[in-house]
Every structure is written in C-alpha cells, then in structure tokens.
K.L.:
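Input: one structure, supplied below.
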Amino acid sequence: VSTYTPTPTPLPTPTPTIPFAFSAPKPVFPEEGTWFHGRDTIVELKWEPPGELGPNQAYMVIIKYKEGGELKEFRQVVEKPGWVVPASFFHGKADQPDRTYEWQVQVIYLLKQGDREGFIPLSPLSEVRTFHWD
C-alpha cells in the first residue's frame with residue numbers, strides 16, 4: 001500500500017510596487033457639481049500641480065460622460081495646470097436631464113517613437129470631479 005504525501009508549494013513572493021514620482025493633482029475649479037449654462041460659457045478646469053514638471057512630463061485630463069446611454073471618454077494632454085473645455089466637443093453632448101461630465105487629471109511622462117506616442121503615469125489619478133453643462 002503506498003501513501004501519497006503532498007509536497008508544499010511555496011507562495012509567490014510579492015512584487016514591490018513602485019511609488020509614483022508625484023502625488024495626485026488636486027482639482028480646484030470648478031467646484032464639485034457646478035452648473036454651466038450656454039454654449040458661449042467658458043468652462044476651464046484647473047488643478048493644483050503636485051510639483052514642477054520636467055522634460056516630457058505633462059498632464060492628462062480625462063473627461064467621461066454618457067451620450068445616448070453609452071459611456072464616452074476623452075483624453076487631452078496639456079502642459080499647464082488648467083484647460084479650457086472646447087464647447088464644440090462637449091456642450092450639449094451628455095445625456096439629459098443633468099448633462100453630467102466627470103473629470104480627472106494625472107501627471108504623465110510622454111513617450112514618442114517615430115509617429116507613435118504613449119505615456120507612463122507618474123501620479124495617481126486625481127479625485128473625480130463633476131460639472132454640468134446645458
């Protein structure tokens with residue numbers, strides 16, 4: 001009669017996480033839930049920078065909203081801690097009744113190779129802020 005003795009399997013070693021180079025940018029304007037009215041209104045997103053940006057570093061602004069029930073996501077690379085939201089892209093696009101847009105921002109490192117571009121996140125995403133634009 002033979003008996004089977006299981007061999008213990010070692011647990012995987014945890015992989016250390018690499019800390020971000022920057023803390024998350026802090027949204028400062030507009031205040032949470034602000035309503036903007038009319039296509040001619042200038043909607044400017046502003047945030048507190050988490051530090052001085054170096055070469056090939058920028059901010060990635062992410063705007064999300066629902067249009068026709070489908071989630072849309074828009075990304076824009078900017079070099080300064082603020083960005084004017086183009087009315088032609090966004091005004092009146094988010095679903096009724098509240099025309100809600102969510103936005104976040106993070107610090108990124110831009111990668112360019114020929115005509116291909118990419119990025120590496122250098123900070124966590126900021127907190128989510130919302131605004132309404134009808």
Side-chain angles (χ1 to χ4, degrees):
V1 176
S2 76
T3 57
Y4 172 73
T5 308
T7 307
T9 307
L11 294 173
T13 308
T15 306
T17 55
I18 299 170
F20 286 112
F22 293 94
S23 59
K26 183 179 183 213
V28 294
F29 185 82
E31 290 185 18
E32 174 62 25
T34 298
W35 276 88
F36 296 96
H37 303 282
R39 184 178 182 81
D40 295 333
T41 301
I42 294 174
V43 177
E44 184 173 7
L45 309 178
K46 295 182 182 179
W47 54 91
E48 206 173 274
E52 190 77 26
L53 298 187
N56 297 322
Q57 295 176 351
Y59 299 101
M60 174 77 74
V61 178
I62 302 164
I63 296 181
K64 296 179 184 178
Y65 61 99
K66 285 193 176 175
E67 183 179 13
E70 184 181 329
L71 183 64
K72 303 283 184 173
E73 182 174 312
F74 176 87
R75 293 173 179 253
Q76 179 68 41
V77 175
V78 298
E79 295 180 1
K80 297 183 178 179
W83 181 62
V84 174
V85 179
S88 60
F89 286 12
F90 296 101
H91 177 258
K93 300 282 174 137
D95 287 347
Q96 292 280 21
D98 54 1
R99 302 261 191 226
T100 301
Y101 299 85
E102 293 183 348
W103 69 280
Q104 291 179 284
V105 62
Q106 77 181 143
V107 180
I108 61 167
Y109 181 85
L110 292 169
L111 300 169
K112 293 181 183 180
Q113 186 175 29
D115 61 350
R116 293 176 46 204
E117 292 185 358
F119 69 93
I120 298 171
L122 294 179
S123 79
L125 285 165
S126 69
E127 67 179 85
V128 175
R129 281 280 181 100
T130 60
F131 65 91
H132 310 275
W133 196 3
D134 63 8

K.L.:
Quick check for you: to the nearest 0.5 Å, what is the distance between Lys66 atom NZ and Lys72 atom NZ?
P.N.:
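Lys66 NZ to Lys72 NZ: 12.5 Å, rounded to 0.5 Å.
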K.L.:
Are Trp35 and Val43 joined in one hydrophobic group, where the rule is that I, L, V, M, F, W and Y side chains link up if heavy atoms are under 4.5 Å apart?
P.N.:
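Not linked; separate clusters.
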K.L.:
Determine whether a donor-acceptor pair (N or O, by modelled atom type, separation under 3.5 Å) exists between the side chain of Arg129 and the backbone of Glu102.
P.N.:
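Flag not set: sc Arg129 to bb Glu102 has no pair under 3.5 Å.
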K.L.:
For a quick test of reading the model, state the closest non-hydrogen atom pair linking Asp95 to Gly68 and the distance between them.
P.N.:
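Closest heavy-atom pair between Asp95 and Gly68: OD1-N, 2.6 Å.
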K.L.:
Using a 4.5 Å cut-off on heavy atoms from C-beta on, say whether the side chain of Leu45 contacts that of Val105.
P.N.:
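In short, these two side chains do not touch, never coming nearer than 4.5 Å.
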K.L.:
Please give me the minimum heavy-atom distance between Asp134 and His37, naming the atom from each residue.
P.N.:
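Looking at all heavy atoms of both residues, the closest pair is OD1-ND1, 2.7 Å.
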K.L.:
State yes or no: are the ring centers of Tyr65 and Phe74 separated by less than 6.0 Å?
P.N.:
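No, too far apart.
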K.L.:
Are Trp103 and Phe36 co-members of a hydrophobic cluster defined by side-chain heavy atoms under 4.5 Å apart?
P.N.:
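Yes: a chain of side-chain contacts under 4.5 Å links Phe36 to Trp103.
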K.L.:
Can you check whether Phe90 reaches Ile63 side chain to side chain, under 4.5 Å on heavy atoms?
P.N.:
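When only atoms from C-beta onward are counted, Ile63 and Phe90 do touch, with a gap below 4.5 Å.
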K.L.:
Can you hop from Val85 to Phe89 via hydrophobic side chains spaced under 4.5 Å?
P.N.:
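Shared cluster, yes.
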K.L.:
Quick one, Phe20 and Leu122 - any side-chain contact, counting heavy atoms below 4.5 Å?
P.N.:
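No - every pair of side-chain heavy atoms lies 4.5 Å or more apart.
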K.L.:
Are the side chains of Pro27 and Glu127 in contact, using a 4.5 Å heavy-atom criterion?
P.N.:
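Of all side-chain heavy-atom pairs linking Pro27 with Glu127, at least one is under 4.5 Å.
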K.L.:
Provide the closest heavy-atom pair for Phe119 versus Gln106 in the form atom of the first, atom of the second, distance.
P.N.:
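Scanning both residues, the minimum pair turns out to be CE1-OE1, 4.2 Å.
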K.L.:
Atom CG of Leu53 and atom NZ of Lys80: how far apart are they, to the nearest 0.5 Å?
P.N.:
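Separation between the atoms: 12.0 Å.
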K.L.:
Please name the pair of heavy atoms, one in Pro124 and one in Pro25, separated by the smallest distance, quoted to 0.1 Å.
P.N.:
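Distance-wise, the nearest heavy atoms are O-CD, 4.0 Å.
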K.L.:
How close do Lys64 and Leu71 get, counting heavy atoms only, and between which atoms?
P.N.:
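Between these two residues, the closest heavy atoms are CB-CD1, 4.2 Å.
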K.L.:
For the CD atom on Glu73, are there more than 12 heavy atoms of other groups (residues, nucleotides or ligands in this structure) within a distance under 6.0 Å?
P.N.:
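Yes.
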K.L.:
Taking side chain as C-beta onward, heavy atoms only, is Phe22 less than 4.5 Å from Gln57?
P.N.:
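When only atoms from C-beta onward are counted, Gln57 and Phe22 do touch, with a gap below 4.5 Å.
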K.L.:
Measuring centre to centre across the rings, with the benzene-like ring taken for any Trp, is Trp47 within less than 6.0 Å of Phe29?
P.N.:
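Here the rings of Phe29 and Trp47 have centres that are no less than 6.0 Å from each other.
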K.L.:
Do Tyr109 and Val78 sit in the same hydrophobic cluster, where Ile, Leu, Val, Met, Phe, Trp and Tyr count as joined when their side-chain heavy atoms come under 4.5 Å apart?
P.N.:
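Yes, Tyr109 and Val78 fall within the same hydrophobic cluster.
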K.L.:
Side chains of Arg75 and Val61, heavy atoms from C-beta outward: is any pair under 4.5 Å?
P.N.:
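The answer is no, as the side chains (C-beta and beyond) never meet within the 4.5 Å cut-off.
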K.L.:
So does Glu79 have more than 12 non-hydrogen atoms from other groups sitting under 6.0 Å from CD?
P.N.:
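12 or below, so no.
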K.L.:
Taking the inter-plane angle between the rings of Phe131 and Trp133 on a 0 to 90° scale, is it parallel (under 30°), tilted (30 to 60°) or perpendicular (over 60°)?
P.N.:
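Tilted.
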K.L.:
Side chain to side chain contact (heavy atoms under 4.5 Å, CB included) between Ile108 and Ile120: does it pass, once the steps are laid out?
P.N.:
CA-CA 6 Å; Ile108 61 167; Ile120 298 171; over 6 Å; no
K.L.:
Quick one: does Ser126's side chain get under 4.5 Å of Tyr59's, heavy atoms only?
P.N.:
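No, their side chains stay 4.5 Å or more apart.
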K.L.:
For the residue pair Ala58 and Leu110, what are the closest heavy atoms and their distance?
P.N.:
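Of all heavy-atom pairs spanning Ala58 and Leu110, the closest is CB-CD1, 4.2 Å.
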K.L.:
So, Ser123 side chain and Val107 main chain: donor-acceptor pair closer than 3.5 Å or not?
P.N.:
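It does hold such a pair.
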K.L.:
Side-chain contact, heavy-atom cut-off 4.5 Å: Glu44 with Trp83?
P.N.:
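Contact flag for Glu44/Trp83 side chains = no.
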K.L.:
List the steps and the verdict of side-chain hydrogen bond (donor to acceptor under 3.5 Å, both in side chains) for Asp98 and His132.
P.N.:
CA-CA 6 Å; Asp98 54 1; His132 310 275; 4.8 Å; no
